[in-house]
Amino acid sequence: MFNIKCLNKIAKVGTDNFDTAKYALSDTCENPDAILVRSAKMHEMVFNPELVAIGRAGAGVNNIPVDRCAEEGIVVFNTPGANANGVKELAIAALLMASRNIVGGIEWAKAHQGETGVAALAEKEKSKFAGCEIEGKSLGVIGLGAIGGLVANAAKSLGMKVYGCDPFITVEAAWGLSRSIEKAASYDEIFETCDYITLHVPATKDTTNMINAESLAKMKDGVRIINLARAELVDSQAMIAAVKSGKVASYVTDFITDELIGADDRIVCIPHLGASTEESEDKCAVMAAKEIIDYLENGNIKNSVNFPNVQLPHSGDARICIMHRNVAGVLSTISTAVANLGINIENMLSRSRGDYAYTVLEIKGDVPEDSLNSLRAMDAMIRIRVIR
């Protein structure tokens, strides 16, 4: 029986994937084999030795100590693409909010509640909320992954001229892009040429504050910026200054900060609604559950953020799943050690990711737990699991 701890409410359509004969789900269990989480902060948590997997029902993993998990042999999964359509739709709404002062107009109407003759007054005042159309304007999409690619294609269908820039674009993502999306050679090209800019990259040491006073200075006067990715991508103080000066015509973000809220009417703060749709929550929950089940039962890894993807059909009597450091000669050492134990390897797959690697051995016959103690004692070893 595997114990699964839910740190947040997870959609039932996801938790229903766990067979109650094999899994016990709870929000209170003390020694879980796996954890399901959405937004709960985990950086201060002490993990029990039995914990082998964390499934994040969403794309971002800023709330999880990913590096520490790797050191402890805990696979961290996310659900890329499951909420992509929900975020894409909000991005289109954000483009329109950045173009037309819809929010300001609604607030004006609410402020006149209870008055008479409001319709006539609106005709006189509506010019204060005039904006522009997005058709024919240029949009720069920074990051062309699951979400950015959808946004680029949708904006193109709405009549925008779309430029995309992603130095790390995958072949799969590239296949999904419309041929009419223009390739930008650099972020600077996006900054210098586009009327609108939308951000769809993760927060890393290289992307933190990528929109700052220097990058803003390179942009066209009156640029409109959308950030539904991560708050850390934008220097809030630099953005406020740029909006107040008129350099930035409007800024729409899905991340409220103390500095941004109320700083200027042309800054629209959405309360992190990007993936807040029933459909997105359901898709994320199902994907996270299936990732954890496949890992616990078969040792397969898909959509991990700290270990490589390794998927091998489970056809032997048992399999040995080995997490180890990505150091020279470790595979030959493992193979030799297993052979010396008299264990017959029928199939083997190994992949690396940065400093870490994952090796799966399909075994003929049984694998007594005590027989692997010599493997566990190796310096490069992090965790070894046997699945029968």
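Just so we're clear, the structure is a prediction, and the values are computed from it rather than from any experiment.
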Novice: So, the side chain of Arg224 versus the backbone of Ser250: is there a donor-acceptor pair under 3.5 Å, distance only?
Specialist: no
Novice: Between Leu158 and Ile92, is the side chain to side chain contact (heavy atoms under 4.5 Å, CB included) condition met? List the steps.
Specialist: CA-CA 10 Å; Leu158 291 172; Ile92 298 305; 3.9 Å; yes
Novice: Which atoms form the tightest heavy-atom contact between Phe129 and Gly105, and what is the distance?
Specialist: CD2-N, 3.7 Å
Novice: For the pair Glu281 and Arg38, find out whether any cationic side-chain nitrogen is under 4.0 Å from an anionic carboxylate oxygen.
Specialist: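 Yes, Glu281 and Arg38 are salt-bridged.
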Novice: Would you say the side-chain atoms of Lys88 and Asn85 include a donor-acceptor pair closer than 3.5 Å?
Specialist: yes
Novice: Are Met42 and Val61 packed together at the side-chain level, in the sense that at least one heavy-atom pair is separated by less than 4.5 angstrom?
Specialist: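 Met42 vs Val61: side chains apart.
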Novice: Let's go through Arg319 and Glu362 carefully: what are the C-alpha distance in whole Å and the side-chain angles of both, what is the deciding distance for salt bridge (Lys or Arg N to Asp or Glu O under 4.0 Å) to 0.1 Å, and is it a yes or a no?
Specialist: CA-CA 4 Å; Arg319 60 173 34 183; Glu362 277 288 300; 2.5 Å; yes
Novice: Do Lys156 and Ile181 come close enough that some side-chain heavy atom pair is under 4.5 Å?
Specialist: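 Yes, at least one pair of side-chain atoms sits under 4.5 Å.
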Novice: How long is the span from the CE atom in Met1 to the CG atom in Asp33, to the nearest 0.5 Å?
Specialist: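 Here the interatomic distance stands at 10.5 Å.
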Novice: Any side-chain heavy-atom pair from Gln311 and Asn298 closer than 4.5 angstrom?
Specialist: no
Novice: Is a donor on one side and an acceptor on the other found under 3.5 Å between the side chain of Asn63 and the backbone of Ala40?
Specialist: yes
Novice: Could you name each residue pair satisfying ring-ring contact (aromatic ring centres under 6.0 Å, His included) that touches residues 311-341, not counting sequence neighbours?
Specialist: none
Novice: Locate the shortest heavy-atom distance separating Ala84 from Ala146; write the atom from each residue and the value.
Specialist: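 Smallest interatomic distance, heavy atoms only, reads CB-O, 3.8 Å.
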Novice: Taking it one step at a time, do Asp16 and Phe18 satisfy side chain to side chain contact (heavy atoms under 4.5 Å, CB included)?
Specialist: CA-CA 5 Å; Asp16 281 349; Phe18 292 100; over 6 Å; no
Novice: Check whether Asn8 reaches the backbone of Ser39 with its side chain - one donor and one acceptor, N or O, closer than 3.5 Å.
Specialist: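 Answer holds: yes.
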Novice: Whether Lys5 and Glu30 form a salt bridge (side-chain N of Lys/Arg under 4.0 Å from carboxylate O of Asp/Glu) is what I want to check.
Specialist: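 No, Glu30 and Lys5 are not salt-bridged.
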Novice: In plain terms, say whether Lys41 and Glu44 are close enough for a salt bridge, that is, a side-chain N and a carboxylate O under 4.0 Å apart.
Specialist: no
Novice: Taking Ala82's backbone N and O only, do any of them form a donor-acceptor pair with Thr79's side chain (distance below 3.5 Å, no angle check)?
Specialist: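 No, Thr79 side chain to Ala82 backbone: no donor-acceptor pair under 3.5 Å.
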Novice: Closest heavy-atom contact between Leu177 and Gly149?
Specialist: CD2-CA, 3.8 Å
Novice: Between Asp282 and Ala11, is there a donor-acceptor pair closer than 3.5 Å when you use the side chain of the first and the backbone of the second?
Specialist: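 No, because the side chain of Asp282 does not come within donor-acceptor range (under 3.5 Å) of the backbone of Ala11.
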Novice: Can a cation-pi geometry be assigned to Arg385 and Tyr295, taking NZ or CZ under 6.0 Å from the six-membered ring centre and within 45° of the ring axis?
Specialist: yes
Novice: Sub-3.5 Å donor-acceptor pair from the side chain of Asp254 to the main-chain atoms of Asn227, do we have one?
Specialist: no
Novice: Apply the test side chain to side chain donor-acceptor pair (under 3.5 Å) to residues Gln237 and Asp235: give CA-CA distance (whole Å), side-chain angles for both, the deciding distance (0.1 Å), then the verdict.
Specialist: CA-CA 6 Å; Gln237 293 299 336; Asp235 181 333; over 6 Å; no
Novice: Looking at Glu71 and Arg68, is any side-chain nitrogen of the basic one under 4.0 Å from a carboxylate oxygen of the acidic one?
Specialist: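 Result for this pair is no, no salt bridge flagged.
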Novice: Kindly determine whether Glu297 and Ile387 satisfy side chain to side chain contact (heavy atoms under 4.5 Å, CB included), including the steps that lead there.
Specialist: CA-CA 7 Å; Glu297 296 186 10; Ile387 298 175; 6.0 Å; no
Novice: Do Arg325 and Asp355 meet the salt-bridge criterion of a basic N to acidic O distance under 4.0 Å?
Specialist: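 Salt bridge: no.
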Novice: Taking all non-hydrogen atoms of both residues, which atom of Leu36 and which atom of Ala288 are closest, and how far apart?
Specialist: CD2-CB, 3.9 Å
Novice: Count I, L, V, M, F, W, Y as connected when their side-chain heavy atoms are under 4.5 Å apart, and connections chain through other members. Are Phe47 and Met323 then in the same cluster?
Specialist: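 As far as the 4.5 Å side-chain criterion goes, Met323 and Phe47 are not connected within one cluster.
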Novice: May I ask you to check whether over 12 heavy atoms, not counting those of Asp67, lie within 6.0 Å of atom CG?
Specialist: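 It does not: Asp67 CG has 12 such atoms or fewer within range.
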Novice: For the residue pair Asp195 / Ser138, report whether a side-chain donor-acceptor contact shorter than 3.5 Å exists.
Specialist: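 A pair is found: one side chain offers a donor N or O, the other an acceptor, under 3.5 Å apart.
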Novice: If Ile, Leu, Val, Met, Phe, Trp and Tyr residues are connected whenever their side-chain heavy atoms lie under 4.5 Å apart, and connections chain through other members, are Met381 and Tyr358 in the same group?
Specialist: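 Different clusters.
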Novice: What distance do Leu312 atom CG and Ser350 atom OG have between them, rounded to the nearest 0.5 Å?
Specialist: 11.0 Å
Novice: To the nearest 0.5 Å, what is the distance between CD1 (Ile261) and OG (Ser236)?
Specialist: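 Atom-to-atom, Ile261:CD1 and Ser236:OG are 11.5 Å apart.
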Novice: Would Asn212 and Glu214 count as having a side-chain donor-acceptor pair, cut-off 3.5 Å?
Specialist: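 No, Glu214 and Asn212 have no side-chain donor paired with an acceptor closer than 3.5 Å.
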Novice: Please evaluate residues Phe77 and Ile301 with respect to the criterion side chain to side chain contact (heavy atoms under 4.5 Å, CB included), reporting the C-alpha separation (whole Å), side-chain torsions for both, the decisive distance (0.1 Å), and the verdict.
Specialist: CA-CA 8 Å; Phe77 296 95; Ile301 296 179; 4.0 Å; yes
Novice: Is it the case that more than 12 heavy atoms not belonging to Glu133 sit under 6.0 Å from its CD atom?
Specialist: no
Novice: My understanding is that a hydrophobic cluster links ILVMFWY residues whose side chain heavy atoms are under 4.5 Å apart, including indirect links. Using that, what else belongs to the cluster containing Tyr163?
Specialist: Ile142, Tyr187, Ile190, Phe191, Ile197, Leu199, Val201, Met210, Ile211, Leu216, Met219, Val223, Ile225, Leu233, Val234, Met239, Ile240, Val243, Val248, Tyr251, Leu260, Ile267
Novice: May I ask you to test the Val75-Ile54 pair for a side-chain heavy-atom distance under 4.5 Å?
Specialist: no
Novice: Any donor-acceptor pair under 3.5 Å linking the side-chain atoms of Thr170 with those of Glu172?
Specialist: no
Novice: Quick check against the 3.5 Å criterion: does Asp166 have a side-chain atom that pairs as donor or acceptor with the backbone of Gly143?
Specialist: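 It does not hold such a pair.
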Novice: In the structure I gave you, are the side-chain heavy atoms of Thr359 and Leu331 within less than 4.5 Å of one another anywhere?
Specialist: yes
Novice: Taking Leu341 as the starting point, is it possible to reach Ile345 by hopping between hydrophobic residues whose side chains are less than 4.5 Å apart?
Specialist: yes
Novice: Check for me, please, whether Ile343 and Ile334 land in the same ILVMFWY cluster - side-chain distances under 4.5 Å, paths through other members count.
Specialist: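 As far as the 4.5 Å side-chain criterion goes, Ile334 and Ile343 are connected within one cluster.
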Novice: Would you give the length of the straight line joining atom CG of Leu121 to atom NZ of Lys126, rounded to the nearest 0.5 angstrom?
Specialist: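 With rounding to 0.5 Å, CG (Leu121) is 12.5 Å from NZ (Lys126).
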Novice: Report the distance from atom OG of Ser180 to atom NZ of Lys161, rounding to the nearest 0.5 Å.
Specialist: 11.0 Å
Novice: Salt bridge or not for Asp294 and Lys302, using N-O below 4.0 Å?
Specialist: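 Looking at Lys302 together with Asp294, the answer is no, because their closest N to O distance does not fall below 4.0 Å.
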Novice: Can you name the closest pair of heavy atoms from Ala59 and Asn78 and give their distance?
Specialist: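 What the structure gives for the nearest pair is O-ND2, 2.9 Å.
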Novice: Looking at side-chain heavy atoms only, is the closest gap between Met160 and Tyr196 below 4.5 Å?
Specialist: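 They are in side-chain contact.
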Novice: Between CD of Glu72 and CD1 of Ile74, what distance do you get to the nearest 0.5 Å?
Specialist: 4.5 Å
Novice: Is there a donor-acceptor contact under 3.5 Å from the side chain of Asn306 to the main chain of Val76?
Specialist: yes
Novice: Indicate whether any N or O donor in one side chain lies under 3.5 Å from an N or O acceptor in the other, for Asp188 and Ser186.
Specialist: no
Novice: Output yes when a side-chain donor or acceptor of Ser157 lies under 3.5 Å from a complementary backbone atom of Ala154, and no otherwise.
Specialist: yes
Novice: Do the side chains of Ile226 and Phe255 join up, straight or via other hydrophobic residues, at under 4.5 Å, putting them in one cluster?
Specialist: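 Ile226 does not cluster with Phe255.
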Novice: Within the structure provided, determine whether Met45 and Ile35 are in side-chain contact (heavy-atom separation under 4.5 Å).
Specialist: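 Yes, side chains in contact.
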Novice: Would you name the heavy atoms of Val151 and Ala91 that are closest together and state the gap between them?
Specialist: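 That closest heavy-atom pairing would be CG2-CB, 3.7 Å.
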Novice: Considering only heavy atoms from C-beta outward, does the side chain of Phe307 approach that of Arg353 to under 4.5 Å?
Specialist: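 Contact flag for Phe307/Arg353 side chains = no.
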